J.: 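Mind having a look at this structure? Questions to follow.
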Amino acid sequence: MLQAKLRSASLLSAIIAILAAVASSGGLLIASLYRDNSLIIWAFRGNDLVTLAVAVPLLVGALILTRRGSQRALLIWLGALGYMLYNYIFYLYGTAFNQFFLLYVALFTLSAYALIFALPRVDASAISRSFKASTPVTWISGWMLFFAALLGGLWIARSLQFVVTGQVPQDIIQTGHPTAVVYATDLSLLMPGLVLSAVLLWKRQPWGYVLATIVMVKATTYGLALLIMSAFAYARAGTWDTLTPLWAFLTIGCLIATGLLLGNMQPAPKQADPIHIDRTLHPLA
């Protein structure tokens, strides 16, 4: 039953896992692939290491367990897809044009469509009932709102500083990019996702449990990538990211929030099906 309802998203996820393994392996092994400055080259190689060693196995393992009926695995799988979507935005717009450009396009696009195919089939009400009444939704929601305000506020402040002073923020100058790719991606995707998920979770709405877990899984995984990227950039390029302590703080907080969410999920009864076909969205299903 689950296999049939998630066939399209599962197929795309398998392709994503293969392509991500190829892209990250190439980034680590092909010395001439990245054509950026030293800071960006080593940051992306750190990212490639996390994608290959953590994100791809997480995606594959969660997909396998989802097909066996695990609700926890379903949310982790969707969070891993969120990581792939978010991650390869930076490869599309944050690297100099290289031989893997079409691979980055495919990874970003397939990740987006995998989520589009999967999310309408999630029975948020069934999943929300698997969370214990004691789940600390207020604490978790508060953390997510704090995360959004802290990081979003930082990017907004630096952007407004340029309006006042005309000086491009140093972190943008170091990348060699003409614009703030990180600011743009976080303010347009990550911050709204954090706020929406937090508000829905605070109100104990079914989709709040689903979206909050997905966002926290993605944030934890990418937080690890940021730490490894910072370590690679410092070790190889000699450039210290002054925001590394912030990345560590946010990653630890997201890891705790993820643990609290997943740890408060109870196994679904055998007859329960966390996936359904929403016929209002799929009239031919």
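Given the structure is predicted, the values throughout are model-derived calculations rather than measurements.
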J.: Quick check: are there more than 12 heavy atoms from other residues, nucleotides or ligands sitting under 6.0 Å from CZ of R204?
T.: yes
J.: Rounded to the nearest 0.5 Å, how far apart are CG of D171 and NE2 of H177?
T.: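 So the gap between those two atoms works out to 11.5 Å.
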J.: Is it the case that R45 places NZ or CZ above or below the six-membered ring of W42, under 6.0 angstrom from the centre and within 45 degrees of the axis?
T.: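 So R45 does make the cation-pi contact.
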J.: Mind checking whether F249 and W143 have ring centres under 6.0 Å apart?
T.: yes
J.: Please report the interatomic distance CE(M191) to CD1(I156), rounded to the nearest 0.5 Å.
T.: 8.5 Å
J.: Just so I know, are the side chains of M265 and I127 near enough to count as touching, which here means a heavy-atom distance under 4.5 Å?
T.: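 They are in side-chain contact.
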J.: To the closest 0.5 Å, what do you measure between CD1 (I89) and CG (L189)?
T.: 5.0 Å
J.: Parallel, tilted or perpendicular for W240 and Y234, by the 30°/60° rule?
T.: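 W240 and Y234: perpendicular rings.
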J.: Could you tell me whether the side chain of W139 reaches within less than 4.5 Å of the side chain of I256, counting heavy atoms only?
T.: yes
J.: Testing L115, L119, L81, I76 one by one against I214 for a side chain to side chain contact (heavy atoms under 4.5 Å, CB included), which residue passes?
T.: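 Only one option passes, and that is L119.
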J.: With sequence neighbours left out, what residues match T213 under side chain to side chain contact (heavy atoms under 4.5 Å, CB included)?
T.: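 L75, F131, V217, L261, L262.
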J.: Decide whether Y88 and T109 meet the rule of one side-chain donor and one side-chain acceptor closer than 3.5 Å.
T.: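 Note: Y88 and T109 side chains miss the donor-acceptor criterion.
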J.: Who passes side chain to side chain contact (heavy atoms under 4.5 Å, CB included) against A9, sequence neighbours left out?
T.: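 For A9 the side chain to side chain contact (heavy atoms under 4.5 Å, CB included) partners, ignoring immediate neighbours, are W77, F117, A118.
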J.: Do the rings of F97 and F101 sit parallel, tilted or perpendicular, given the 30° and 60° boundaries?
T.: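 Ring orientation of F97 relative to F101: tilted.
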J.: Can you list every pair that meets side chain to side chain donor-acceptor pair (under 3.5 Å) and has a residue in residues 217-229, with sequence neighbours left out?
T.: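 As it turns out, the side chain to side chain donor-acceptor pair (under 3.5 Å) pairs with a partner in residues 217-229, which skip direct neighbours, are T220-T258.
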J.: Show your working on side-chain contact (heavy atoms from CB on, under 4.5 Å) between L107 and Y91 and close with a plain yes or no.
T.: CA-CA 10 Å; L107 279 161; Y91 284 78; over 6 Å; no
J.: Please examine the side chains of L78 and T66, heavy atoms only from C-beta on, and report whether any two atoms are closer than 4.5 Å.
T.: no
J.: Using 0.5 Å steps for rounding, measure from the CG atom of L58 to the CE atom of M84.
T.: 8.5 Å
J.: With distance as the sole criterion, is a donor-acceptor pair present between the side chains of Y209 and N264 under 3.5 Å?
T.: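 No, no side-chain donor-acceptor pair sits under 3.5 Å.
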J.: Check whether any side-chain heavy atom of D241 sits under 4.5 Å from a side-chain heavy atom of L226, and report yes or no.
T.: no
J.: Do L92 and V105 have side chains that approach each other closer than 4.5 Å (heavy atoms only, starting at C-beta)?
T.: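 Sidechains of V105 and L92: in contact.
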J.: To the nearest 0.5 Å, tell me how far R236 CZ sits from S38 OG.
T.: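 It is 10.0 Å, given to the nearest 0.5 Å.
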J.: Once you round to the nearest 0.5 Å, how far does OG1 of T242 lie from CH2 of W247?
T.: 9.0 Å
J.: Under a 3.5 Å cutoff, is there a donor and acceptor pairing between the side chains of Q71 and S130?
T.: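 Per modelled atom types, Q71 and S130 side chains form a pair under 3.5 Å.
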J.: Do we see a donor-acceptor contact under 3.5 Å between the side chains of Y104 and N87?
T.: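 Their side chains do not contain a donor-acceptor pair, so the 3.5 Å distance test is not met.
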